[in-house]
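In what follows, a single structure is set out as structure tokens and then discussed.
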Amino acid sequence: MWFWRTYISEIGEANMPWLPEDWIDEVISRNDIIDVVSEYLVLKPRGSGYFGLCPFHNEKTASFHVSPERQTYHCFGCHEGGNVVSFIMSMERMEFIDAMKHLAERVSMPLPEASDQEHYQRERDKKQQIFEINRECARYYHQMLMKPEGKEALSYLHSRGLDMRTIRSFGLGFAPDGWDSARIHLKNMGFTDKQLIDAGIVLENTDKGSIYDRFRNRIMFPIMNTRGMVLGFGGRVMDDSQPKYLNSSDSLVFNKGYNLFGLNLAAKVRPLEFLIIAEGYMDVISLHQYGFPQAVASLGTALTPGQAKLMRRYASEIYIAYDGDEAGQKAAMRSLDILREAGCKVQVMQFPNNLDPDDVLKQYGPEYFKKLMGNSLSRLSYKRSKLMEKYDLDTIDGKAAYLTAAAKMLAKEENSLEVEVHVNELASLLGVRPRAILDQIAREKAAGKLQNKEQRNRTGNYRYTKNMVQPVVLKPGYLRAEACLVNLMVQERTIAERILNGLEGLTLQEPLHQRVVEIVRNLLERNGEINEARVLSYLEDKDDIRKLVDIFYQKIEYDNIDAFLTDCLNQVARGIIEKQRQKIQNEIDTMDREGIPDPDRYKSLLKEIQQLNHRLSTYKSERRELREEWRV
């Protein structure tokens, strides 16, 4: 299904530009909503998101909320809401196509021309083929691990403390010590050398005219996305050979700077309150085995802004669990501001004796690791502790130099309360007046021209006012139930599947709710990612987007998800029957007033309404029984 084709057919303009759905998804995913909205508003972190003054109505207290996890915005005052595309459409007075152009240019993505339709179809097919190759290659590596050729590798994994359940959970494998083992296996399955080169499974030496496996004699770590699709691989040697780790090269489906090892499993944790970022694959696997499924790792590179934003979409609190050696601590320091800029609350763990997380778990156990998490340092506390190591605090000159450096560091911070806490701690530690440190911070700000100049909300072409009174309307039970199902449907794939199965043969009475059902069903059929921002990208009407965001922001409370879904589906079915019953009752009433021209039709209607009344009575009984079970 091509999104823009659907849009064209609805508005009847065949000459509109063609945009492939994959291209739209990529543009949206590259334009983080926090970054985009921050270009128009001053946003400040609060709770699970960011707040600012709403650009769509006049207000003095910030009620405009932007969620990095949902990639949506919602004003609790005027109820405007949507995703990054609808935000640009409203702010810049643009139609959908122009907003997509604007966002594409912002991230330097070329706009596809109508003539590129075949090209994008080929690219999509090529991506699907790479996914298939990666999947079959992962299966091959896993099979080889269990065969005699993989005996040494399996023994190595066992020696590192991994059990078979963990090995299977991560799909670990072994690349044999041959030049073309994987190549031969995959070619026997019908794939060509060109396809294997594009997927990065094999390499080509054009000078020698040879093609050979990229990974040889290595333990293999499949890198998967949150949909379980294999993007690429990491390979680790079992001895002191170099390089110790080798990753797949970037391809049409894999980019090291925008993916994380272990996120496919961490994303399944409910609720996912935090993530633990480690350095190595083995650290992540060990953490999962010891009861910390929130662990992820960057892919052989320093943490990137893309990876930080990806983590922020799943959890706001990040624990840095890098190795305790000097290299690990330097990497932690580099990651601090990257995570802060992505909107993360950062905690840095301190490991004794230069140990890494894997060593700590094996030597001291998971309870000790939890204790280290509890004693972890905040971003500024960690920076202060590392800064302190550079100075001799037993001398006056050392204290003065340290305080000057600390003041320079704090001058860059925007949260005045957080700065004051650290100023008081520094004053108490070194025996100086807090006022003296604050004065030095002010001088550092002036010298570096770091004064915060809050930009005013834009007006004129960038702003419009809506003074709407929102009436309180009590909606029928079936509509509230439909809204709950719509809300839950976009939260998790398995829940969406269960809801769609329960709605089989039923049509929701609210057209917008039914539209969401159709969108989600289409995404499931395509194995596409399901989330709020993705669903919103299928809607063009601003009122529909606003209504849907209101639904997404409603908090739903339940003790038992199965019972709650059953109750909602029950109410939806009852609502449909009641509507049918009312329609028949109206026809009967008309006959009673105006005479009965067709007695057989009249009897048929009476019989039909009796059957519907019986069905309604059954639904009500089932709901009473269900609520009794809840109480028990």
Side-chain angles (χ1 to χ4, degrees), residues 28 31-96 99 102-103 312-313 316 343 414-417 452-475 479-480 482-484 486-487 490-491 510 512-513 516 531-533 535-537 539-557:
I28 293 173
N31 282 276
D32 185 83
I33 196 164
I34 300 297
D35 294 341
V36 173
V37 175
S38 294
E39 294 174 3
Y40 295 82
L41 313 175
V42 175
L43 294 178
K44 295 184 178 180
R46 191 198 309 167
S48 62
Y50 290 76
F51 277 86
L53 293 174
C54 180
F56 305 122
H57 80 286
N58 291 314
E59 64 177 7
K60 294 181 179 179
T61 302
S63 62
F64 187 81
H65 178 259
V66 187
S67 169
E69 289 99 340
R70 293 170 165 173
Q71 289 294 296
T72 59
Y73 64 91
H74 175 73
C75 177
F76 292 97
C78 69
H79 295 275
E80 281 289 332
N83 66 350
V84 69
V85 182
S86 59
F87 181 80
I88 291 298
M89 289 172 69
S90 295
M91 294 299 288
E92 300 290 353
R93 296 293 197 275
M94 290 179 173
E95 294 297 324
F96 177 85
H102 176 92
L103 290 170
R312 183 60 181 84
R313 291 189 180 186
S316 59
E414 296 180 359
N415 190 320
S416 57
L417 293 176
N452 292 321
K453 297 177 180 178
E454 291 192 344
Q455 76 177 76
R456 298 175 62 186
N457 286 338
R458 300 193 181 197
T459 55
N461 292 333
Y462 296 93
R463 186 182 185 121
Y464 64 94
T465 302
K466 287 187 176 180
N467 296 317
M468 300 183 299
V469 177
Q470 299 292 330
V472 178
V473 179
L474 184 62
K475 295 181 179 179
L479 279 182
R480 295 198 300 273
E482 286 185 7
C484 286
V486 165
N487 181 308
V490 300
Q491 304 301 327
E510 168 58 48
L512 178 58
H513 299 167
V516 174
N531 56 49
E532 295 157 335
V535 170
L536 290 172
S537 70
L539 302 176
E540 303 88 35
D541 185 83
K542 290 180 182 178
D543 287 335
D544 284 347
I545 291 172
R546 189 183 306 116
K547 291 175 186 175
L548 205 51
V549 171
D550 271 339
I551 291 174
F552 291 160
Y553 269 76
Q554 294 298 317
K555 290 185 178 180
I556 300 177
E557 296 182 0

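Taking a cutoff of 4.0 Å between a charged side-chain nitrogen and a carboxylate oxygen, K547 and D550 do not qualify as a salt bridge.
Across all non-hydrogen atoms, the minimal contact from G82 to I545 is CA-CG2, 3.4 Å. Annotation for M89 and A99: closest pair CG-CB, 3.5 Å, computed over non-hydrogen atoms. The shortest heavy-atom contact between S63 and G77 is OG-N, 3.7 Å. L53 and T61 get closest at one heavy-atom pair: CD2-C, 3.9 Å. Heavy-atom minimum distance, H513 versus L479: CE1-O, 3.9 Å. F56 and C78 make their closest contact through CB-SG, 4.2 Å (heavy atoms, listed as atom of the first residue, atom of the second, distance).
In this structure a side-chain-to-backbone donor-acceptor pair under 3.5 Å is present from N31 to L103. No side-chain donor-acceptor contact under 3.5 Å links D543 to the backbone of R546.
When each of Y73, Y40, F51 is tested with F64 by the rule ring pair (Phe, Tyr, Trp, His ring centres under 6.0 Å), just one qualifies, namely Y73.
To the nearest 0.5 Å, atom CD of residue E92 and atom CZ of residue F87 are 9.0 Å apart. Interatomic distance, CG of N415 versus NZ of K44, reported as 9.5 Å (0.5 Å rounding). Taken to the nearest 0.5 Å, the CD atom of E482 stands 9.0 Å off from the CD1 atom of I551.
Here the side chains of R313 and D32 are in contact, with some heavy-atom distance below 4.5 Å.
Checked against a 6.0 Å centroid threshold, the rings of H74 and F552 do not count as neighbours.
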